[in-house]
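A quick write-up on the structure given underneath.
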Amino acid sequence: MAYRFSEMKILPVGWLLLVLAVVLLAASRGVAFDSSILALLPESEQQPLVQRASDKIGAEFSERLLIMVSGDDEQKIRAAVTEMALGLEQLPEVGQVHWRLEDSELERLRNELFRYRFSVLDGGLRQLLLEGQQQKITRKALLSLFGPVSAGAGSIVDDPFGLYLELHKHRGGNLNIEITDSLLKVGQHPKPAYLLTLSLDGDPFSPALQQTLLTEIERHRARLDTDGSIQMSGMLIHAAAGAEQAQTEISTIGLGSLAGITIAVLLIFGRGRTLPLLLVPVAAGCAFATATTLLVFDRVHLITLAFGAGLVGVSIDYALHFLSQRRYSESAQVLPKIFTGLLLGLFSSVMAYAVMVLTPFPGLRQMATFSIAGLLAAWLSVILWFPGLTRGDPVQPIGFASTLMRLRMRIPRIDRNRGMQLLLTLALAAALISIYNSDGRDDVRLLQTSPPELLQQEQALHRALGNASSSQYLLVSAQSLEQCLQKEESMAPALERLMADGLFEDYRALSTSLPSQQRQSENYALVKQLYQDQLQSFYQTIKLPQAKLEQARRQFELAAPRRLTVEGWQRLASSEALQGFLIEAGDAGALTVIRFTGLLDDSAKSALVELADSHGGVYFVDQLQNVSQLLKKYRVQIAKWLIIAYLVVLLVLLVRYRAKLWRVVLPPLMASIFTLAILVQLEQGINLFHLMALILVLGIGLDMGIFLTETDEAAHTWLAVSLSTYTSLLAFGLLALSKTPVLHHFGITVAIGLSLVWLLAASARSAEH
Amino acid sequence: MKRLALIAVLLALSCGARGEISFSQLAQITGIPDKHGGSFVQEKYLQVVDASLESRGVFDYERGKSIRWEILEPIQSELLLTPAGISSDDSGESLLQLDASANPAVAALGEIFFALLTADWEMLESHLELSGSIDGDKWHAVLEPLESTTRLVFTRVELHGGKLIEKIVLHESSGDRTTIRLD
């Protein structure tokens, strides 16, 4: 018999060794966590490209912290920025602080492209040359010589037509920043505002780093007081806000539920040992599940971990069931009584997760693997270890069991009460209609964990800086970087048109600062034409000697072979701010992105999708929409597979329970339907996280029915399943109070679902004790 | 004579620690009308070719609004200067637009030039440091940018004048120099 396994010493010890071995093996490989939502996307042809682009752009966000200090009094703000920068530079957690640009650097920055003035041209000027409007360029050059204000013009010999001045004038950086007294001033801001950029020397999720950095910044904020305000953007502030929220919630919700569970277990079992005993299979389950997932998938996604924690609720079922029965039977007698129930309970839960392994979504597969491994481990730990661990415990019926059973008897029986049957049927019909008419809710904001004030100030900062969006962009891929740049250039006229139509404010592309070699040669040829046609008469007008004209010509000819190459561009100081536009360039191919400023509405998006479709290897990436679509796919898939899984479970249970099947199945099934209907009303639609929680409700609900039926609805079984409901309610139901959307949705589903399961199970009883 | 010098020293001391003259004195001495016009001769010295380019024309302005700057020789063109920038309506479109976000230092120069011609001393005071001397009803002033970034474009402006500004010399950082005589 299977339940005699525990009598062979080798199995419990073997199982312990296996758990330890798997955990140690996983630990030796290194524990890696993944938090990128994109890691959950199904693999497709395009996805690795998008992944690499978003990794690179995301790294920019997580490694940097932008700080903007603004206020009415320019001098005070300048002083504050200086003081703050000097203070932050002292911190070991801060790699670099960009807050000033020395005049010498600025001078270098201004002149570094001068060498390439004939091949890297301003877009507007190039257009004039293409249209044959050389007169306009000459005229402009003459005006800068004879007009009153013209400072900044190039040398009359090196660049008589002022090509470089024109390029420089329109070549703003990536951000809307002016250099004022070496400080970085935000342009066109209603109040004087200055920018500091920190690069972090460490993980933005590290609490120590957050603490040091934010304390220092807060100190400056306090000193500024009413004179100014500080706005920030970066992963760090979100991570810190998340950590703070988690901390508050753990200390309120977490401690609250822990206290509730401890008190209940102590009161009912009356033994100090019971609580740690309950935790043994839970701990073994979690450790084994994490280790297995790490071994199979290399890294554990944080969402997997969050949902995986849900199986604690199911795995504690097995332990409670065993321990309750133990109080009525000797150690060796327990398993024979409950083994079938435990096995069926495991089967029904594992089935629910097992089908998810078959889906094409890596995220679901990972969650399923995690849950199955965890459930199996918890179950085996109960079966193999509990008989030994509880060997010396006395048989001692629990007084509270009969009290609870009497309470159960007060609830009307469903098969003996016409009124209740009618009521439930009507409610069921209403619930089904409500679910049928509802829409799913797959908003990306479900995943947002930061408080809205934080998001608002961050948006304000990005608007002020004219920062291009990092979540919506065109991804350009080609065999080589040169081809990428050419593709970008061929799209430029279309992009200019869309911009003129007001679909977006502006766009930024690598090719505007690093034109393709082909484009540079074209440009040089255009300028050559300009020199041939106009230089002579230009020099005549300004009455300079022929020798100077020759000198100017020679300068131009000398520059003929000069081209700005990728390597040359990489060495430019001004290229640093544009690194985010070059994702990769190597033998395997090249990837660049074109980014936009201003919000993209639906018409802008569809125009960009159309533009991308008309060029091979160009994709419009919308991370927000991708995530929403992902959530929807997962929701639909889970719903579908859950139904299939439970049909299979139903069949197996039918074989064993026959006519009694409805008592097992009805409570979790009806509770699920009612819960969904209530959620439709309460939460404006069903989302993925509701369904994930519903699996837990179904799992516990089926366990409840199975255990009760297996033990002929013994009072101590009712106690065990009630306790299991109660602990899960406390552990997860209280999450409904959380401010983090994911946890809230999970919690509210568990709270409503488990309460209903318990009430319905009480009503679906057969015995009249 | 000695007495006169003493008075000058005392005057200078009373006017502040650094310069011999102040913006408020300039404002008092000059009587620049709200609307005014005249002719100009401009000489631009280009260091790299060691030669000067001369141009002449007429101008008129309305304080706080715009300056019309019409070049007659050697090319013909009419420029319109406003605090926001310079435009030329040669062909109905602006040729020179000084956009502050593209090049703030050059934009600052445009603003300063506008302030110079229309004698907006308040504006000048906030951007430039003043030194110079007053000799009867004639004065000479040197204005230097307070801001280091602006100094990358021009190092100083010299002004000569009496009731009106008569001569402006702009020294660019590149070594070029623009001299404008107003009549």
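Naming convention: chains lettered A, B, ... in sequence-line order (proteins, then strands); numbering from 1 in each chain.
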Nearest-0.5 Å distance that lies between atom NZ in A/Lys140 and atom OG in B/Ser77: 12.5 Å
Separation of A/Leu143 CG from B/Glu78 CD (nearest 0.5 Å): 11.5 Å
Please classify the contact between B/Leu146 and chain A as side chain, backbone, both or neither, with a heavy-atom cut-off of under 4.5 Å. backbone
Please round to the nearest 0.5 Å and tell me the distance separating atom CZ of A/Phe146 and atom CD1 of B/Ile75. 6.0 Å
Which bit of A/Ile542 comes within less than 4.5 Å of chain B, counting heavy atoms only: side chain, backbone, both or neither? both
Taking all non-hydrogen atoms of both residues, which atom of B/Val49 and which atom of A/Lys548 are closest, and how far apart? CG1-CD, 3.4 Å
For B/Glu122, does the CD atom have more than 12 heavy-atom neighbours from other residues, nucleotides or ligands under 6.0 Å away? no
Between B/Lys44 and A/Ser144 the two heavy atoms that sit nearest each other are NZ-O, 3.1 Å
Counting only heavy atoms not in A/Arg100 (residues, nucleotides, ligands), do more than 12 fall under 6.0 Å from its CZ? yes
Which bit of B/Glu54 comes within less than 4.5 Å of chain A, counting heavy atoms only: side chain, backbone, both or neither? backbone
